[in-house]
Amino acid sequence: MSRFVKNGTVEMKNVPSIVSYGSAVGRMEGEGPLGSCFDYVSEDSAFGENTWEKAESRLQQHAFEQALLRGSIAESDISFVFAGDLLNQCTGSAYSMRNNGARFVGLYGACSTMAESLCMAAVFADSLEGTLNAALTSSHFCSAERQFRFPETYGGQRPPTSQWTATASGCVIVGKHEAPPFIKTITIGTIIDMGIKDANNMGAAMAPAAYDTIKTHFENTGTSPEDYDLILTGDLGYVGSEILRDLFLQDGVLLGERYNDCGLMLFDRKKQDVHAGGSGCGCSASVLCGHILGRIKSGELKNVLFTATGALMSTTLVQQGESIPGIAHSVHISFDGEQGG
Amino acid sequence: MKLTENEYGVLAKRRSPNTKMYKTVPAAFAVGGIICCIGQLLTNIYRSVGIAETTAGTLTSVTLVFLSAVLTGFGLYDKIAKHAGAGTLVPITGFANAVVSPALEFKTEGYVLGVGAKIFIIAGPVIVYGLAASAVYGVILFIIQTP
Amino acid sequence: MEYLWAFLAGGLLCAAGQVLIDLTSMTPARILVTYVVAGVFLGAVGIYEPFVQFAGAGATVPLTGFGYLLAKGVRNAVAENGLLGAITGGLEACAGGITAAVIFALIVALVFSRGDKTAKIMG
């Protein structure tokens, strides 16, 4: 059984392992700085489908299959799937899992969903012996654009603070204590709304939530930034990352070189026209699964604090003039599997 | 959070880069100007073959709308608009793009509920408030002119 | 010379729109509505007519010209048909542009495949 510490932090008693992981991305992500890290890169952003919604579900299936493949796991061995995406009613995930008989838990945490689903999978794996739990998320630029912004062929100009929804997916499978990477602690975040109303500046809307969750995690676990090789946020982008550094600096804490953001890693902001960086559930999912977990497994990275951030808004509420609430969840992934913390 | 919403707003604004107006405004000026020159050229061509002024004006609009629709279909209008901004938004070609792009995008939801219902999802307000303003003007005009 | 004025007038109207986009948080739809309503107003008070004489397509191609056309249509229709003209005049005058946009949109939806901003830029 996992142990509840306080204020959203849960300590893993058996320290479950990430037994496998997989990633799948679209063409632009494949041409980005991390292009060679991903398990599956599609030149066709439709993934062979005739609608963008189906394309996203297909993309998610690729990440799921890659994770099964890497771990030599049969689909029927998966006990529970925790999955989510950005589409209305979480349909990207529901339609990707509708034919495989998986025990399915649909989650919505906007772009924080990778951390949210990983938290769920970790607690399940830690508490229910013998279960294999998949955490799975995706986002697709084209399906997100038509739901949240404009048609693909509409001639709009994006402000410099806007971010580019990644066409990407990642899947992590969590099981019993075996080999690194291990999940040691998680911190579930609280909703923080600092009054940002600009839907083209998600980084600024989400940064306070990231600050709050990471700070709470440090306090509850008695750790400090120096205890981690990498503090990784999901998709704060350029604007949100700078704000997060500022917020910690006000407490006298320097995040420095050990801090990075998946939205800044997935794309080359100079060469690729993504403005403030990548975003979407798939952004943090693909960077975690394609670039980070392998390096923890090999011991290159010892301790990573993975914190995915989400903007819990809808176009309706933004049009009604409401500000954008942010959320962030943290997962401490470690090379060291010492039990009982 | 130690900051108030206002203090945070100031911090967020400081970290949010502004649009490079020294680039966007000249680009909008140039592209918008060129589209108007194409309009002038079309009007002159139609007039030179003996078409009346009002009809030539309408034909010019229709031709520009056609050109914009084709560019939108090929996915080129949004590529130009990315740099031109208001230069491609404000001319009638921008109105056409705002009608054509949802028609193309929502094709996957069918020709009635997708294309038909969503065709004015962006340009609708322009027609609604343009017509409303003109009707208000008409009523005022009628009241003034009635002895 | 008329091309120069068309370029300058049209360019200026677009540049003003860009300033609005960059400095205010106005969405494109709001800017277009503002332009059309402004065109109706300027047409109604008689300022836009001389501007059109002077700048030609530089005044008629931007959406303010669309508003001017609505106002002009209503003025003529009210003179002809009285109060009924307030309702019929606007749409009559701009029927060409609106119907063309709808028809071409339908044709494009039929003929072309959907757009994709993430695809490689063509040729």
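Naming: A, B, ... by sequence-line order, numbering from 1 per chain.
Most heavy-atom pairs under 4.5 Å with chain C: of the set B:G32, B:S134, B:G85, this distinction falls to B:S134. Put simply, of B:V62, B:L64, B:T58, the one with the most heavy-atom pairs under 4.5 Å next to chain C is B:V62.
For C:T34, no part lies near chain B; criterion is any non-hydrogen pair under 4.5 Å. For a residue to count as touching a neighbouring chain, one of its non-hydrogen atoms must lie under 4.5 Å from one of that chain's; by this rule B:F120 touches chain C with the side chain only. Of the two parts of B:D78, only the side chain, counted from C-beta on, holds a non-hydrogen atom closer than 4.5 Å to a non-hydrogen atom of chain C. For B:Q145, the part lying near chain C is the side chain, with the backbone staying farther off; criterion is any non-hydrogen pair under 4.5 Å. Using a 4.5 Å cut-off between heavy atoms, B:A84 touches chain C through its backbone atoms (N, CA, C, O) alone. Looking at C:I103, there are no atoms closer than 4.5 Å to chain B (heavy atoms on both sides), in backbone or side chain. Using a 4.5 Å cut-off between heavy atoms, B:Y129 touches chain C through backbone and side chain atoms alike.
Between B:F29 and C:F7, the gap from one ring centroid to the other is short of 6.0 Å.
With rounding to the nearest 0.5 Å, the separation of CG in C:D22 from NZ in B:K20 is 12.0 Å. For the atom pair CG of C:L63 and CZ of B:F95, the computed distance is 7.5 Å after rounding to the nearest 0.5 Å.
Note: C:F104 and B:F66 have perpendicular aromatic rings, judged against thresholds of 30 and 60 degrees for the angle between ring planes.
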